Each structure stands twice: as C-alpha cells, then as structure tokens.
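Side-chain atoms are counted along with the backbone in the values below, which use heavy atoms only and exclude waters and symmetry mates. Everything quoted here is computed from the prediction, not taken from an experiment.
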Amino acid sequence: MAITVGLDFGTHQTKVCIENSDDPNRKTYEFMDWGSHNYVLPSTIQINKDRTLCYGSIDMGNVLVGKKKKYRENPGTLILPNEPTMPVLVEIEEPVMPPVPIYEYITDHGLKCTFPMTDLYGIGKPLPKREDSKNQVKAWKKKCKKINQEYQKRLTKWKQIGPSFGLPKPQRPVLPPIPEFSDQQNEGIDDINPNMIASKEQIAEYNRWKVKCDLLRSSHKKAIARNNDELKRYNHKHQLWVDECRRLQSVHDIRVKQYQESLVEYPMVFRYFKQATFSSYNWDYQIEAKDLSVLYLAYIIFKLEERFGNNFAIQMGIPASENTFRKIKSFASGLLIQAIRLVEEVFENDFDRFISTPYDELIELIPTFEYSDSLKYQYGIMILPEAYASLRSVTSNGRIPRGMSLMLDIGGGTSDLSFFVIEENGEPHVYHFESIPKGLNYFLEYGENKIADFSVKKELKDLTPAVFSKAYKDYKTLIDRIVKSLTNFLHDDTISRGFSKHSFTYAIQNRPVIYTGGGCSDIRMRKPVLDFTDVIYLDKSILRIPNVIKEQFVNIPYSIMATSFGLSISLMSDDIQISKKEELFAKYTKEENNRWDAHREHGMYED
C-alpha cells in the first residue's frame with residue numbers, strides 16, 4: 001500500500017486526509033472518520049476520574065477534578081524597602097543689608113544737610129542733558145531733504161503722464177522753519193546745586209556698598225539653591241522608591257493570584273496544547289504542553305496503525321514562517337518520533353494498555369526526545385509549513401489564475417499567510433510565507449472576554465458585535481501591515497529594475513486573496529487585504545478534491561479540510577524551496593527578456 005497521511009494537527013481540532021496511490025493514475029483521498037461520520041477530532045485531552053486519559057472528547061461527568069495549574073509558592077507578606085529619609089534643610093533667613101551711604105554738606109548759611117547717596121545726581125538721578133543746537137539743525141536739514149526728494153518724484157511722474165491727461169502740476173511743498181534756540185532750554189542744568197552732583201569718590205563708595213549688597217544676595221540665593229538641590233535629590237529618591245514599591249506590589253499581586261489559582265481545583269481538561277507547544281502561548285499547567293502533544297499524536301498513530309499497520313508515511317503541518325521553519329521542523333519531527341516510539345516500542349501497538357495507563361505513568365513512559373534526519377526518514381516523517389500545505393491544496397487543480405496571489409489560512413491558534421505566484425506550468429511558486437500567532441483564539445479571548453478552556457465551547461458567533469469589531473480591527477491591521485511591507489518592497493524593486501512606477505500598482509490590483517481554515521467559516525472574517533480584493537473562499541467547488549471516498553458523508557466545510565488534503569499529497573522531500581522576493585522580477589530586465597513576458601505573467605506593463 002502506498003499510503004500518505006496528511007496530519008493537520010490543529011489547535012482546536014485535528015483533521016487527517018489519506019492519499020492512496022496504489023494506482024498512480026487514480027489516486028484516492030479519504031478523510032479520517034473518527035466515528036459516526038465525524039471527520040474532525042477535537043484537540044482535547046481529559047483526565048478521567050480513574051486518572052486515565054480520554055482523547056478528542058469531554059465527559060464532564062467522568063472528569064477528574066484537581067489542581068490543574070503549576071503549584072506556586074506562597075509569596076507571603078510583601079516587604080517593601082524603607083522610605084528615604086527626608087533631609088534636614090538649613091533654615092535660611094533674609095540677608096540684612098548694610099545701610100545706604102550718607103552724604104553730608106554745610107550750606108553757605110551754615111546749615112548741615114544730610115542725604116542718602118541715592119539722591120545724588122550721577123548715582124540715583126541722571127544728569128540732565130544740554131540741548132545740542134548743531135544736532136537739531138542737522139535733523140531739520142535731513143527732514144527738508146526728504147520732503148524735497150518726495151516732491152521731485154511726484155514732479156517727474158507728472159512730467160511723464162500729467163500734461164497728456166490734464167493733471168495739475170504738483171505744488172512745491174512748504175519746508176518747516178529753522179529751529180530757534182534760547183538760553184532757557186538749558187536752564188535746568190545750570191540750576192542744579194553742585195553739592196548734589198556725586199563726585200568720583202562718592203560714586204566709588206556707593207559702588208562698594210552695592211557690591212557688598214550683591215554678595216549678600218548671592219550668598220542667600222546659593223543657600224536657597226543648595227536646599228532646593230537637596231530637596232530635588234530627595235524627591236527623585238522618593239519617586240524611585242514609590243515606583244519600586246508599585247513594581248514590587250504588582251509582582252506580589254501576580255504571585256498571590258498565581259498561588260491562589262494553583263490551589264484551585266479545576267476539571268482536568270486540556271486544550272490549546274498544540275498552540276503552546278509551537279508558539280509562545282502562555283501555558284501555566286502542571287503537565288507540559290509538549291507531553292500532551294506527544295500523547296495526543298500517539299493516540300492518532302494508534303488509530304492509523306489499526307487500519308494501515310505501520311506502512312504509511314506521515315506529512316504533518318506546523319505553524320512556521322520562513323525564518324523559523326527549519327528550527328521548528330526538527331522539533332516537530334522529534335515529537336512525532338517520540339509518539340511513534342511510544343506506540344510501537346513502549347506499548348508495542350497495544351492500544352488497550354495505552355488507553356488504560358494512568359496519565360502520570362504515561363508521561364514517565366514518553367521516550368527521550370531524539371532527532372536526526374535518518375530517524376525522520378526511518379519513520380516516514382515529513383514536516384511542512386501549514387501555509388505551504390494549504391497552498392498545495394488549492395493550486396493542485398488549476399482553479400487559481402496565474403500571477404500573484406495571497407492565501408490566508410485562519411486556524412485556532414495561528415493565521416498562516418502565503419504569497420505565491422502561479423507559474424506558466426500551473427505550479428505554485430512561493431515567495432513568502434509567515435505564521436502569525438493570532439487565530440480564532442485571539443477573538444475568543446479578546447480583552448476581558450477570556451474563557452476557561454474547560455467550560456462551554458464558544459464560537460465567533462457568540463461574540464458581541466462590539467467585541468468582534470474591535471478584535472477584527474486589531475487583527476486586520478496586523479495582516480495589512482505584513483502585506484503592505486511585502487508589496488512596498490516589490491513596488492520599489494520593480495522601479496529599480498526599470499519598470500514604470502505604476503506597473504506594479506496596476507498588476508497587484510484585484511488579485512485573489514484565498515481564505516481557508518476553520519477561522520474563516522464566518523463570512524465576517526473574509527475581507528479584501530489591501531489590493532488583493534478578489535476574495536475566494538476555499539469551498540468544495542474550488543478545492544475539487546478528486547476521488548474522495550465516502551464523499552457523501554463529509555459534511556464538514558472543505559475550507560477546514562483543505563490543509564489536511566494539501567498535506568496528504570505525497571512529496572519526495574520536505575526540503576521546501578522558497579524563492580526570495582528579490583528574485584520575483586529579476587528575470588524581466590530589458591537586456592535579458594522582453595517586458596511582454598512580465599505583462600503576460602503578472603499584468604505588468606509600461607506606460
């Protein structure tokens with residue numbers, strides 16, 4: 001038997017598609033029936049009351065209730081650091097200024113007169129200025145000159161056009177009178193008592209007094225500044241102390257909450273272990289997510305080997321981007337190897353013993369993680385990016401037009417985005433793929449809407465319109481940003497290769513965006529992505545899977561089954577070749593190829 005198993009290990013549910021290529025000219029495909037024409041297996045594990053495990057279903061009447069989360073130490077009473085001590089500030093008094101210097105003189109009549117020096121002319125009062133007759137005459141002449149210049153301008157203009165239009169000749173202006181001078185203008189200066197005009201010695205004495213006052217004021221300001229600096233340093237230390245107390249309080253509150261939650265007994269039902277195994281999804285349970293993944297995969301392998309023995313190859317998808325694929329591929333291969341060894345070597349294909357073994361013993365029996373290329377080929381394992389697998393399912397039948405397209409596979413834990421080009425031979429050429437850690441769970445757990453994973457199942461239709469709208473806006477913004485970054489690069493790249501600045505813009509308009517995966521079954525999730533406005537939903541008519549066994553019983557949307565079908569299409573190697581986006585338009589140079597090929601293949605054309 002030439003059997004290839006396409007294993008779509010999902011966050012919410014797992015799908016399996018089986019390709020039988022005994023007759024290469026008529027390959028058949030079959031979706032794994034998990035009982036009563038149920039073609040999806042929920043990705044759940046329940047610990048029963050007898051401590052055995054139940055896979056793919058939940059029976060709340062038989063579930064073990066116990067401490068599910070990791071035990072946390074009691075953080076005890078929070079001890080905060082001591083508050084900084086308020087500094088002792090020096091008391092600063094206003095400075096006592098020396099008295100203003102006094103000036104004394106005896107009048108001609110023998111009277112003694114005493115004045116503060118600030119009353120003297122030259123210190124506290126300015127000396128009046130004598131009127132300068134020369135300056136006044138100079139100013140008068142300047143004014144007269146300006147008046148004459150203005151008159152000459154008007155006269156010249158009149159001479160040019162005035163007589164022909166009958167305009168009157170400008171009148172010569174009357175100049176202001178010559179200023180007159182008299183001795184009365186300087187009477188104020190001559191009338192000042194010479195005793196009230198400060199001498200050089202008095203000015204020097206006054207300036208010495210002023211310097212002493214300035215020194216006292218400066219010392220007073222410096223003392224105030226020292227106090228202010230001391231207070232500022234204290235306030236800074238105090239703010240740091242407040243911030244640290246808040247941080248410690250926040251950390252303590254989290255630890256208290258974790259401690260309290262670790263004491264709570266929950267129904268021992270586990271979901272989302274696949275997402276936690278392959279991403280940074282927060283997993284806070286006693287049982288490791290990767291161990292649950294191995295046990296769940298072992299259950300599936302048991303079911304497959306019941307039908308096919310061990311004569312089949314497994315092609316499993318993983319959520320990965322270009323940069324993470326190779327690393328995660330090794331890890332995923334190792335998990336599958338552990339699951340196969342658990343089935344074949346530890347339990348020797350004895351399903352009854354496996355299903356009756358308590359979970360804590362099962363975890364101890366999981367073989368040590370081990371990976372090598374030879375082991376991977378020995379067990380017939382291939383690992384493919386989920387984005388690539390979804391792509392294979394839709395491009396294998398030639399229903400997608402040539403040129404640039406997007407595919408968005410929305411799963412439970414991730415959304416896998418691929419940018420590809422259908423070449424002349426009908427094969428997809430992948431230039432970019434990315435796994436985004438936001439899927440159906442992102443919507444179900446948005447904001448304060450988070451639900452416990454053992455409670456009543458929740459779907460998108462259960463969300464209020466307001467919650468869905470906010471979650472979708474954030475989700476769509478992320479998708480748009482990723483696609484915009486890609487198209488901006490390609491736009492600049494085409495310009496650098498000599499295409500007009502509009503060529504790529506026209507080529508990318510109205511291109512297909514293909515939606516697949518369980519998360520897009522809700523029509524609200526299927527929207528255009530920037531210029532990719534031809535929305536295609538991967539239903540049965542688009543997918544067109546040939547020779548499906550018992551197809552009449554398959555009542556699951558084909559968008560949910562597409563990835564498993566893509567994974568089941570046999571490959572010789574899982575060494576996926578992804579072309580660099582820099583290579584997409586590299587061959588369409590004026591020197592090497594006619595630009596008509598770019599128009600024919602991508603819709604690019606010159607202005």
Do [X] side-chain atoms and [Y] backbone N/O form a donor-acceptor pair below 3.5 Å?
X      : Y      : answer
Ser415 : Lys438 : yes
Ser356 : Asp352 : yes
His12  : Thr44  : no
Asp33  : Tyr39  : no
Ser333 : Lys329 : yes
Gln275 : Tyr281 : no
Gln46  : Asp59  : yes
Glu19  : Thr28  : no
Asp409 : Ala387 : no
Tyr475 : Tyr442 : no

Examine [X] relative to [Y] and say whether NZ or CZ is less than 6.0 Å from the centre of the six-membered ring and inside a 45° cone about the ring axis.
X      : Y      : result
Arg524 : Phe468 : yes
Lys550 : Phe31  : no
Lys581 : Tyr431 : no

Check: Going through the checks in order, is the side chain to side chain donor-acceptor pair (under 3.5 Å) test met by Asp50 and Thr52?
Finding: CA-CA 6 Å; Asp50 62 359; Thr52 60; 2.6 Å; yes
Check: Taking it one step at a time, do Asn38 and Ser36 satisfy side chain to side chain donor-acceptor pair (under 3.5 Å)?
Finding: CA-CA 5 Å; Asn38 182 16; Ser36 303; over 6 Å; no
Check: When Asp284 is tested against each of Gln258, Arg72, Lys68 for side-chain hydrogen bond (donor to acceptor under 3.5 Å, both in side chains), which residue passes?
Finding: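 It is Arg72, the one option of Gln258, Arg72, Lys68 that forms the side-chain hydrogen bond (donor to acceptor under 3.5 Å, both in side chains) with Asp284.
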Check whether the ring centres of [X] and [Y] lie less than 6.0 Å apart, and answer yes or no.
X      : Y      : answer
Phe419 : His432 : no
Phe565 : Tyr29  : yes
Phe420 : Phe433 : no

Note to self: Counting only heavy atoms from other residues, nucleotides and ligands, does the tally under 6.0 Å from NE2 of His238 exceed 12?
What the structure shows: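 Yes, the 6.0 Å shell around NE2 holds more than 12 heavy atoms from other groups.
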Just verifying a value: how many Å separate [X] [atom1] and [Y] [atom2], rounded to the nearest 0.5 Å?
X      : Y      : atom1 : atom2 : result
Asn48  : Leu64  : CG    : CG    : 8.5 Å
Ile254 : Glu261 : CD1   : CD    : 11.0 Å
Thr357 : Leu295 : OG1   : CG    : 10.5 Å
Ile363 : Leu292 : CD1   : CG    : 6.5 Å
Lys484 : Leu530 : NZ    : CG    : 6.5 Å
Ser330 : Ile383 : OG    : CD1   : 9.5 Å

Using only heavy-atom distances, determine whether the side chains of [X] and [Y] contain a donor-acceptor pair under 3.5 Å.
X      : Y      : answer
Glu344 : Asn349 : no
Asp474 : Tyr446 : yes
Tyr537 : Ser521 : no
Gln239 : Asp243 : yes
Ser568 : Thr4   : no
Ser43  : Gln13  : no
Arg51  : Tyr359 : yes
Ser541 : Asp539 : yes

Using a 4.5 Å cut-off on heavy atoms from C-beta on, say whether the side chain of [Y] contacts that of [X].
X      : Y      : result
Asp8   : Leu567 : yes
Leu384 : Leu571 : yes
Val16  : Val5   : yes
Ile301 : Leu336 : yes
Leu263 : Lys67  : yes
Pro42  : Arg271 : no
Phe331 : Thr277 : yes

Next item on the list: May I have the step-by-step check of side chain to side chain donor-acceptor pair (under 3.5 Å) for Glu386 and Thr563, ending in yes or no?
Entry: CA-CA 7 Å; Glu386 290 175 351; Thr563 301; over 6 Å; no
Checklist line | Among Phe354, Phe270, Trp34, Phe351, ring pair (Phe, Tyr, Trp, His ring centres under 6.0 Å) partner for Tyr55 | finding: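 Of the listed residues Phe354, Phe270, Trp34, Phe351, the ring pair (Phe, Tyr, Trp, His ring centres under 6.0 Å) partner of Tyr55 is Phe354.
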Check: So, for Ile3 and Asn311, which heavy atoms are closest and what is the spacing to 0.1 Å?
Finding: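 Between these two residues, the closest heavy atoms are CB-O, 4.0 Å.
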Next item on the list: Name the orientation class of the two ring planes belonging to Tyr285 and Trp283 (parallel below 30°, tilted from 30 to 60°, perpendicular beyond 60°).
Entry: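 Perpendicular, since the angle between the ring planes exceeds 60°.
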Checklist line | side-chain contact (heavy atoms from CB on, under 4.5 Å) partner of Leu440, chosen from Leu460, Ile410, Thr11 | finding: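 Testing Leu440 for a side-chain contact (heavy atoms from CB on, under 4.5 Å) against Leu460, Ile410, Thr11 leaves exactly one candidate, Leu460.
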Margin query: My understanding is that only residues two or more places apart in sequence, or in another chain, count here; which of them pass side-chain contact (heavy atoms from CB on, under 4.5 Å) with Ser372?
Written below: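 Partners of Ser372 by the side-chain contact (heavy atoms from CB on, under 4.5 Å) criterion, ordered by chain and then number, come out as Ser374, Leu375.
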Next item on the list: Look at Lys473 together with Asp480 and state whether they make a salt bridge at an N to O cut-off of under 4.0 Å.
Entry: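 So Lys473 does not pair with Asp480 through a salt bridge.
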